[in-house]
Amino acid sequence: MIDNYEEKVYAGILGKIIGVFYGRPIEGWPYEKIKARFGMVDHFVAKDVGVPLHVADDDLSGTFTFFNALEDYPLSKLGAAEFGDTWLNYLIEEKTVFWWGGLGRSTEHTAYLRLKSGIKAPESGSMKLNGRASAEQIGAQIFMDAIPLVFAGDVENARKYTDMQARVSHDGAAVESACFWAGMEAAAFREKSLEALLEENLFYVKSKNLKEVFYEIIGFCKDKPDFRTARAYLEKRWGYDKFPGNCHVIPNTALMLTVLLLGKDSFRDAMQMCVSAGWDTDCNGANIGCFNGIRLGLDAITEEFDFRSPIADRFYNISSNGGACVTDALQQVKRILKLHNQIYHTGYTYHPQRYTFDYRGALQGFEPCPVRKGKTELSNHRGRQLEVTLQEEGKGFLSVPVMWQREDIYGGYCLLGSPVLYETQKVHINIKAHCGRMQFRLYVIYYDFDDEKQVLESGIYEGSPAWKEYVWHIPPLGGKCIDRMGIEVIGEAGNRALIRSVDFRDAPSDFSIRGSLRNYDLGRANMQLQAFTSSAKEFSFDAGHTFTVSHHGGTGLATIGTKDWKNYQVSCKAVPYLHKEFGLVIRSRGHRKYYAFLLKEHNTAQLIRQDGEERVILAEGSFAYEELNFYELTLRAEKNRISAAINGTALLSAEDEKYENGGCGFLICEGTFMADALHITNAAMK
């Protein structure tokens with residue numbers, strides 16, 4: 001067991017999020033421009049340069065998406081090929097995670113195209129196939145941080161699995177550098193001394209060139225140069241002009257080591273120098289933040305500057321698993337702890353509810369509500385609860401995003417994902433009055449048909465001085481997209497409430513989208529449609545139907561829901577047109593792992609399990625159908641039984657235990673179909 005392991009994981013993830021959002025607004029700026037505008041970057045500058053703070057970013061999405069490989073495959077069967085298959089499952093071409101800059105120009109895009117063409121990892125990222133310029137860019141290093149968090153203290157396994165992940169897209173010095181920093185982070189769970197960590201991990205570096213870079217920097221920094229002198233030295237010795245490609249790993253890893261040595265045991269100093277030095281500011285800031293978060297601990301993050309309040313733990317994880325888009329540091333901690341326990345047979349505990357505020361300062365995205373005004377102060381109470389203080393008599397409002405925020409759309413990374421909360425789900429809150437009399441009610445903020453924000457409230461609850469759980473069953477909203485979940489607190493100035501947990505899970509009891517979604521005034525798909533995560537080439541409204549789903553060159557999906565959906569059914573009125581096959585999916589985790597009910601060849605119905613390239617036909621039967629006719633399709637998953645019906649008549653059923661949970665939606669292969677009356681119901685409530 002590692003001392004204070006859970007909090008160190010939290011501090012590492014939090015440090016990575018901070019580094020991304022500290023450096024992202026000036027990513028790509030020349031060093032001279034950063035120096036002229038800010039001198040030293042000593043605060044979050046997003047507002048200064050007119051961009052959102054919380055944005056989609058490859059450093060975060062790649063790290064916590066490709067990490068899914070450790071959850072989806074047993075370690076005994078996990079290799080570079082399985083990490084590559086994880087890419088194919090969770091990436092949506094031209095949309096998710098990284099820069100789609102073209103074959104030979106974007107390292108990750110190049111690797112994806114190799115994978116898509118059937119070339120398995122590690123060949124997909126090899127220097128032999130893609131060339132040195134592509135293979136030695138920075139991406140392997142920026143995607144690796146979640147792995148050493150799992151293999152804490154275990155340098156050899158942290159390096160082993162980082163090597164597997166890195167070789168999907170990289171080779172040479174890029175892989176060596178990623179493994180070096182993975183080892184540094186793993187060792188930082190048991191060692192604080194930077195000198196000792198370097199001594200241990202330099203032993204593993206095989207690349208003569210990379211080792212020479214590291215030792216030269218260590219020697220240079222022993223003379224304690226000032227930051228500007230060090231930055232000039234880096235530019236002269238390892239500037240971008242010395243290496244091919246857009247973002248070579250060596251200049252950036254050299255910069256990271258330099259600012260760590262100069263920053264010593266100051267989280268603030270290392271972060272400020274890292275971002276002020278330019279080059280790949282968000283990537284380097286993320287790696288520095290994660291490493292120093294682990295090594296120096298949670299207190300170091302706020303010791304000299306409050307890095308935490310603007311972030312409030314939250315970020316976006318953009319992938320085909322759309323229900324994982326809206327997330328926060330603490331939710332990722334729970335994933336890490338679960339895996340660590342499985343691998344090392346440890347007993348680290350974590351609460352299953354979505355919001356539990358378990359670590360000192362944790363807010364999990366809650367903030368004074370930006371939509372409903374009322375003076376409310378939020379803080380973390382003893383690392384166990386969220387404390388809400390009314391600053392004036394009357395009402396205070398706090399809320400948390402449950403869908404990506406439209407105001408956060410910015411830059412070249414697509415903001416794509418599905419809500420985590422839906423109408424007719426039950427919200428559970430464990431709350432008590434902490435000081436003074438307190439009343440409260442729950443509310444959701446949702447988008448109406450015109451994408452204007454509206455409020456739906458529960459009744460008023462009388463707060464208790466003892467812990468008590470309250471449950472609100474959200475009424476139907478006509479399939480509208482919920483944007484935020486909030487809590488209204490009513491009382492006198494200074495009154496306080498404590499919240500121990502907030503949770504919602506299982507599929508909605510009655511979620512329906514019907515009628516036309518065409519809105520001429522918007523000129524775009526409204527948020528009801530944008531609540532779906534689509535890998536289909538075209539997913540939108542239709543002139544005569546609620547949805548149209550179209551894809552060429554393979555299979556496309558449009559899904560909604562989260563991994564918390566287990567036993568439920570989905571139905572729609574389908575209208576086939578040109579197609580190879582079409583139908584419904586359920587328990588989708590990514591867009592290549594799911595169950596589906598398919599119609600094909602105008603005479604065949606199938607229940608299938610898709611697992612990457614492997615398709616297993618669970619049940620098959622005859623069913624004659626015609627194009628442009630209506631067919632009511634129903635697909636149900638309850639425990640290990642998957643069943644399907646057409647027009648209310650049971651048709652196929654099978655038992656399978658591969659997938660226990662996940663979202664649902666539409667599937668189309670090489671063609672188009674339309675759909676009406678999407679209806680999702682929780683099997684446990686029927």
Side-chain angles (χ1 to χ4, degrees), residues 418 422-425 476 478-479 506-515 532 536 539 542 545-549 555 557-562 565-577 579 581-588 594-610 616-656 658-669 673-686:
S418 300
Y422 295 81
E423 62 184 82
T424 72
Q425 282 188 302
D506 300 324
S509 61
D510 189 4
F511 176 82
S512 296
I513 302 179
R514 303 174 184 273
F532 287 78
F539 175 71
D542 179 76
H545 303 280
T546 307
F547 305 100
T548 182
V549 196
T555 300
L557 275 66
T559 56
I560 195 167
T562 78
W565 294 14
K566 294 183 178 180
N567 300 311
Y568 67 101
Q569 74 176 33
V570 56
S571 63
C572 76
K573 291 182 179 179
V575 182
Y577 191 44
H579 65 279
E581 56 188 24
F582 75 97
L584 294 172
V585 300
I586 202 166
R587 289 185 178 171
S588 165
Y594 51 81
Y595 295 114
F597 175 34
L598 304 178
L599 295 181
K600 58 194 303 181
E601 299 172 358
H602 297 89
N603 60 11
T604 301
Q606 291 180 338
L607 271 183
I608 64 104
R609 182 187 72 220
Q610 193 73 38
V616 176
I617 299 174
L618 301 175
E620 185 175 67
S622 298
F623 182 79
Y625 64 94
E626 297 178 357
E627 293 180 1
L628 299 180
N629 280 355
F630 280 92
Y631 300 92
E632 185 175 356
L633 308 184
T634 301
L635 178 58
R636 183 181 180 91
E638 189 167 10
K639 297 182 180 179
N640 68 341
R641 177 161 291 276
I642 315 299
S643 57
I646 298 181
N647 298 333
T649 301
L651 185 65
L652 300 171
S653 68
E655 291 186 355
D656 193 84
K658 180 74 172 180
Y659 305 130
E660 295 181 352
N661 48 37
C664 62
F666 308 108
L667 179 150
I668 181 67
C669 181
F673 85 100
M674 290 74 74
D676 295 301
L678 178 72
H679 191 202
I680 299 165
T681 56
N682 188 331
M685 294 185 178
K686 295 295 180 183

- Task: Determine yes or no for a side-chain-to-main-chain donor-acceptor pair under 3.5 angstrom, with Asn647 supplying the side chain and Tyr631 the backbone.
- Result: no
- Task: Go through Tyr625 and His602 one step at a time and tell me if the ring-ring contact (aromatic ring centres under 6.0 Å, His included) criterion holds.
- Result: CA-CA 5 Å; Tyr625 64 94; His602 297 89; 5.3 Å; yes
- Query: Which distance, rounded to the nearest 0.5 Å, do you find between the OG of Ser588 and the CD1 of Ile560?
  - Reply: 12.0 Å
- Task: Check Arg587, Lys658, Arg636, Arg609 against Ile642 for a side-chain contact (heavy atoms from CB on, under 4.5 Å) and give me the one that passes.
- Result: Arg587
- Task: Nearest 0.5 Å please: distance from the OG1 atom of Thr559 over to the CZ atom of Phe539.
- Result: 9.0 Å
- Task: Could you give me the CA-CA distance, side-chain angles and deciding distance for Ile646 and Leu599, then say whether side chain to side chain contact (heavy atoms under 4.5 Å, CB included) is met?
- Result: CA-CA 10 Å; Ile646 298 181; Leu599 295 181; 3.9 Å; yes
- Message: Measuring only between side-chain heavy atoms, which start at C-beta, is Val575 closer than 4.5 Å to Phe630?
- Response: yes
- Output all residues satisfying side chain to side chain donor-acceptor pair (under 3.5 Å) with Tyr422, sequence neighbours left out; order by chain, then residue number. none
- Message: Donor-acceptor pair, distance only, cut-off 3.5 Å: does the side chain of Tyr594 make one with the backbone of Ile608?
- Response: no
- Query: Atom CD of Gln425 and atom CG of Asn682: how far apart are they, to the nearest 0.5 Å?
  - Reply: 9.0 Å
- Message: Would Thr546 and Asp676 count as a side chain to side chain donor-acceptor pair (under 3.5 Å) here? Give the steps.
- Response: CA-CA 5 Å; Thr546 307; Asp676 295 301; 3.2 Å; yes
- Message: Give me the atom names and distance for the closest heavy-atom approach of Ser622 to Leu651.
- Response: O-CD1, 4.4 Å
- Query: Around atom NZ of Lys573, are there more than 12 heavy atoms of other residues, nucleotides or ligands at under 6.0 Å?
  - Reply: no
- Query: About how many Å separate CZ of Arg641 and CG of Asn567, when rounded to the nearest 0.5 Å?
  - Reply: 13.0 Å
- Assess whether side chain to side chain contact (heavy atoms under 4.5 Å, CB included) is satisfied between Lys639 and Glu655, documenting all intermediate values. CA-CA 9 Å; Lys639 297 182 180 179; Glu655 291 186 355; over 6 Å; no
- Task: Side-chain contact test, heavy atoms from C-beta onward, threshold under 4.5 Å: evaluate it for His679 versus Arg514 and give yes or no.
- Result: yes
- Message: So for atom CD, which belongs to Glu660, do other residues, nucleotides or ligands contribute more than 12 heavy atoms lying within a distance under 6.0 Å?
- Response: no
- Item | Closest non-hydrogen atom pair, Ala675 against Cys572 | CB-SG, 4.1 Å
- Message: Rounded at 0.5 Å granularity, tell me how far CG in Leu633 sits from CG in Leu598.
- Response: 10.0 Å
- Query: Which heavy atom in Gln606 sits nearest to a heavy atom in Ile617, and how many Å separate them?
  - Reply: NE2-CD1, 3.4 Å
- Query: Backbone N or O of Ser509 within a donor-acceptor pair of the Thr424 side chain at under 3.5 Å?
  - Reply: yes
- Message: For Phe673 and His545, I'd like to know if the aromatic rings sit close, meaning centre-to-centre distance below 6.0 Å.
- Response: no
- So Tyr595 and Tyr659, would you call those rings parallel, tilted or perpendicular, with 30° and 60° as cut-offs? perpendicular
- Task: Could you tell me which non-hydrogen atom of Pro508 sits nearest to which non-hydrogen atom of Glu423, and how far apart they are?
- Result: CB-O, 3.3 Å
- Note on the structure: Per ring-ring contact (aromatic ring centres under 6.0 Å, His included), Phe666 is matched among Phe547, Phe582, Phe597 by Phe547
- Passes side chain to side chain contact (heavy atoms under 4.5 Å, CB included), Ile513 versus Phe532? Steps please. CA-CA 12 Å; Ile513 302 179; Phe532 287 78; 4.0 Å; yes
- In a check of side-chain contact (heavy atoms from CB on, under 4.5 Å) between Ser571 and each of Thr634, Thr681, Leu635, which one passes? Thr634
- Identify the two heavy atoms, one from Leu652 and one from Ala619, that lie closest to each other, and give their separation to 0.1 Å. CD1-O, 4.0 Å
- Note on the structure: Heavy-atom closest pair (Ala644 atom, Leu607 atom, distance to 0.1 Å) is CB-CD2, 4.0 Å
- Measure from the side-chain N and O atoms of Tyr568 to the backbone N and O of Gly663, and report whether any donor-acceptor pair falls under 3.5 Å. yes
